[in-house]
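The next block holds one structure in the form of structure tokens; read it before the comments.
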Amino acid sequence: MTRMTRFRWGMLAPVLAITGVAVGFPLGYAFYLSLTDYRLTSRGAPDVVGLENYFFVLTDPRMWNAFSNTATYVIIAVALQTLLGLAIALALQKQQWARDLTRAMLLAPMFITPIAVGLTFRFLLNDQLGALPAMLRSLGIDYDFFGPGNALFTLALMDVWQWTPFMVLLLLAGLESVPRQPLEAAKVDGASAWYAFRRVVLPLLTPVLTVAVLLRSLDALKVFEYVYATTRGGPGTETETIQYFTYQTGIQFFRLGEASAVAFVLLAIVLTLIVLLFRRLQRSAAR
Amino acid sequence: MAEVRFNKVRKQYGSTVIVDDVDIDFPDGSLTVLVGPSGCGKSTSLRMLAGLEEISGGEITIDGRVVNGLEPKDRDVAMVFQNYALYPHLSVLENIAFPLRATRSPRSDALARAQEVADSLGLGALTSRKPKDLSGGQQQRVAIGRAIIRQPSVFLFDEPLSNLDAKLRVETRFELMQIQRRLGITAVYVTHDQEEAMTMSDRMVVMRDGRVAQSGRPDEIYARPNSVFVATFVGSPKMNVITGTISDGDFRSSGGSRIRAAGVTTRDSVILGVRPDDLVLSPTDSASARVALIELLGPRAIVHVDSGDDRLTSVVDAAGLSQLSVGTPVDLAVRATAAHLFDPITEARLSDQ
């Protein structure tokens with residue numbers, strides 16, 4: 001090893017050590033657990049059972065149900081946030097006065113811990129006690145927010161409520177960095193506002209939009225608190241998301257081996273999605 | 001094709017007046033250049049005509065139709081921007097086709113037309129490239145292509161050549177003029193470069209501080225500038241301007257210069273303007289003015305002369321240069337009928353000679 005290489009490794013050593021301890025070890029240990037029949041309730045040393053846990057969870061309809069619930073949740077929540085966020089960002093961009101105040105106020109929902117948001121909505125939307133259902137009933141509408149067929153959508157709406165401001169901020173920053181001149185050129189070239197938005201602003205906003213959607217999707221994938229605070233996976237297993245399913249398997253039913261296997265399946269799927277997405281991003285940037 | 005008219009057009013932000021009750025006519029089919037130093041309101045005037053800035057007062061008409069309240073898209077104008085303003089995500093062909101697509105022409109027709117335009121501008125081989133893969137000159141052609149494809153009533157050019165290098169600027173200038181003549185479309189062209197204005201324009205409008213300082217044919221303005229500002233702004237090298245008195249065809253400046261100006265009426269106090277081409281230097285041992293610096297420009301040279309407290313410039317042919325070198329004492333004279341006289345207070349042009 002030359003002195004230069006040794007110096008480089010020396011400079012890298014601290015961060016490698018921290019990553020190793022804080023990420024590598026838990027990850028490695030979890031992977032080891034996923035290969036064992038470790039249960040918190042059995043006393044003896046766990047046996048290594050190889051891929052048995054993976055076969056088990058991959059053929060477990062409850063896990064696939066949890067996956068599809070999570071996917072539905074993420075798609076509804078992120079799609080609504082993006083559309084709403086874009087609309088609000090476009091409106092705020094035109095705002096003339098009190099810009100900073102509005103933007104600061106918009107951030108408020110993001111500062112609330114998700115478990116508190118979950119609890120608040122649980123009471124606000126409760127079929128018997130909630131203010132919103134009571135108001136709807138006085139209008140003659142009977143809607144059970146946490147009832148069958150509705151609960152997952154309600155959870156997604158909670159995410160929309162809390163995280164649309166984040167979308168707004170990102171997209172507003174993106175909109176403000178879109179160069180003005182092509183837009184002026186489009187106006188003079190005879191484009192209507194809608195055409196200019198669709199053909200000029202939106203394409204120029206795409207990189208920011210992609211990153212925003214990616215960030216929000218990854219974050220929404222982790223949904224746990226809303227489920228824990230409101231439905232606990234019900235009615236039935238309608239709102240059992242992948243994180244909640246993992247939590248139940250591991251922490252409530254003490255089957256840590258299987259829970260670790262579910263976590264790794266999720267990790268594999270998410271990593272694949274991210275890699276594919278970044279490839280596409282790079283290709284469109286290179287074009 | 002259309003005639004454009006500014007009628008007492010005004011632009012102000014709060015109490016700051018950018019364009020101050022300007023009247024300009026742009027005859028049908030002409031190329032009119034708005035020229036002036038930065039901040040004179042020329043670009044703002046153009047942007048008001050394009051519909052990119054609101055008009056604070058007065059009227060702009062295109063072919064007799066008041067366009068004040070119209071959206072840019074309803075004015076039937078096309079504009080070439082200083083930074084080209086191409087659509088970075090679209091190919092050359094799509095960029096050129098954009099105005100047709102935006103006005104709902106079928107895609108295949110628009111692209112076919114764009115291909116013709118691209119070919120005519122020598123961009124035929126580049127149509128699938130993105131703007132960032134083009135040179136500045138090529139980008140400029142794409143911007144021009146995008147402007148001409150729709151055959152608008154009026155062309156607007158906002159300093160379109162200022163980002164090009166000197167050689168390309170002269171070439172593109174010539175090409176632009178040819179395109180404009182061929183299509184016969186009324187064009188309004190903004191620049192801060194008086195040389196560009198002089199060479200390109202049918203009509204030239206010199207602006208200063210939001211007002212029209214002078215307008216007319218470029219040769220007229222060059223020959224009879226109506227103020228000291230226009231006189232020194234138009235022409236290169238700059239006109240010599242000195243304050244002094246004239247008696248018996250002899251001009252004496254307050255700085256101590258003496259210039260023969262035969263045939264010029266006696267006046268107590270006056271500003272004398274002499275174009276460098278009209279300032280004649282004759283080497284004379286007894287003269288007090290001295291050659292300070294000689295800048296060679298090939299066949300001609302710019303000669304800087306120190307005379308009293310004044311620094312004057314003269315353009316001399318290579319032939320006349322043999323007798324001059326730094327330090328040579330020279331007598332100064334204005335070529336006959338070439339003196340410009342201005343009022344020392346208003347700086348307005350005085351009646352000739």
Side-chain angles (χ1 to χ4, degrees), chain A residues 82-83 85-86 89-91 93-99 170-214 277-287, chain B residues 43 46-47 49-53 70-91 94-105 107 110 114 128-133 139 142-143 145-158 160 163:
Chain A
T82 310
L83 288 177
L86 192 56
L90 283 169
Q93 200 195 6
K94 298 238 155 48
Q95 190 184 12
Q96 300 289 342
W97 45 271
R99 293 169 73 110
L170 277 185
L171 295 182
L172 196 53
L175 279 174
E176 277 169 2
S177 67
V178 165
R180 264 181 46 161
Q181 281 214 325
L183 193 58
E184 292 192 335
K187 286 185 194 167
V188 178
D189 281 343
S192 63
W194 170 239
Y195 190 84
F197 173 73
R198 208 160 46 87
R199 293 295 308 273
V200 180
V201 176
L202 214 47
L204 294 177
L205 197 61
T206 304
V208 177
L209 209 54
T210 316
V211 170
V213 167
L214 187 66
L277 209 87
F278 267 105
R279 280 236 185 104
R280 257 201 67 182
L281 253 187
Q282 270 162 359
R283 224 177 317 145
S284 65
R287 258 193 297 131
Chain B
S43 274
L46 191 76
R47 291 171 59 83
L49 174 51
L52 296 171
E53 298 280 351
L70 292 184
E71 290 288 314
K73 69 183 173 71
D74 301 321
R75 297 189 183 196
D76 196 21
V77 298
M79 184 156 169
V80 176
F81 293 80
Q82 181 175 355
N83 304 317
Y84 320 134
L86 299 178
Y87 307 117
H89 56 291
L90 298 180
S91 70
E94 290 165 328
N95 259 286
I96 297 176
F98 189 94
L100 295 184
R101 300 279 294 130
T103 47
R104 301 186 186 287
S105 300
R107 184 178 163 79
S128 59
R129 294 220 195 151
K130 289 281 166 67
K132 69 171 155 56
D133 301 322
Q139 291 187 29
V142 177
R146 190 175 63 184
I148 63 180
I149 191 167
R150 206 161 37 102
Q151 305 261 342
S153 311
V154 186
F155 273 144
L156 308 176
F157 297 95
D158 190 7
N163 287 2

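In this text, all values refer to a predicted model and were calculated from it rather than measured experimentally. We name chains A, B, ... by the order of the sequence lines, and we start the count at 1 in each one.
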Report task. Grab the two heavy atoms, one from B:P72 and one from A:K187, that are nearest each other, plus how far apart they are. Result -> CB-O, 3.6 Å
Query raised in the report: Side chain, backbone, both or neither: which part of B:L100 has a heavy atom under 4.5 Å from chain A?
Result: neither
**Report entry** Greatest number of heavy atom pairs closer than 4.5 Å to chain A - which of B:A102, B:A147, B:G51
**Finding:** B:A102
Requested in this report: Would you mind checking which part of B:L86 comes under 4.5 Å of any heavy atom in chain A, side chain (CB onward), backbone (N, CA, C, O), both or neither?
Outcome: backbone
Requested in this report: Report yes if some heavy atom in the side chain of A:Y195 is under 4.5 Å from a heavy atom in the side chain of B:R101; otherwise report no.
Outcome: yes
**Report entry** Pairwise distance CZ(A:R180) to CG(B:N83) - rounded to 0.5 angstrom
**Finding:** 12.0 Å
Query raised in the report: At their closest point, which heavy atom of B:R150 faces which heavy atom of A:V188, and how far apart are they?
Result: NH2-O, 3.2 Å
Query - Contacting region of A:T206 [heavy-atom separation from chain B under 4.5 Å] - result: neither
**Report entry** Contact leader toward chain A among B:M79, B:E71, B:R146, where contacts are heavy-atom pairs under 4.5 Å
**Finding:** B:R146
Query raised in the report: If you count heavy-atom pairs under 4.5 Å with chain B, which of A:S192, A:P182, A:P179, A:A196 comes out on top?
Result: A:P182
Report task. Determine the minimum heavy-atom distance between A:P203 and B:H89, stating which atoms define it. Result -> CB-CD2, 3.2 Å
Requested in this report: Starting at CG of B:D158, measure out to CD of A:Q181 and round the result to the nearest 0.5 Å.
Outcome: 8.0 Å
**Report entry** Toward chain B, the part of A:A186 with a non-hydrogen atom under 4.5 Å
**Finding:** both
**Report entry** Validation row: A:R199, B:Y87 side chains within 4.5 angstrom (heavy atoms)
**Finding:** no
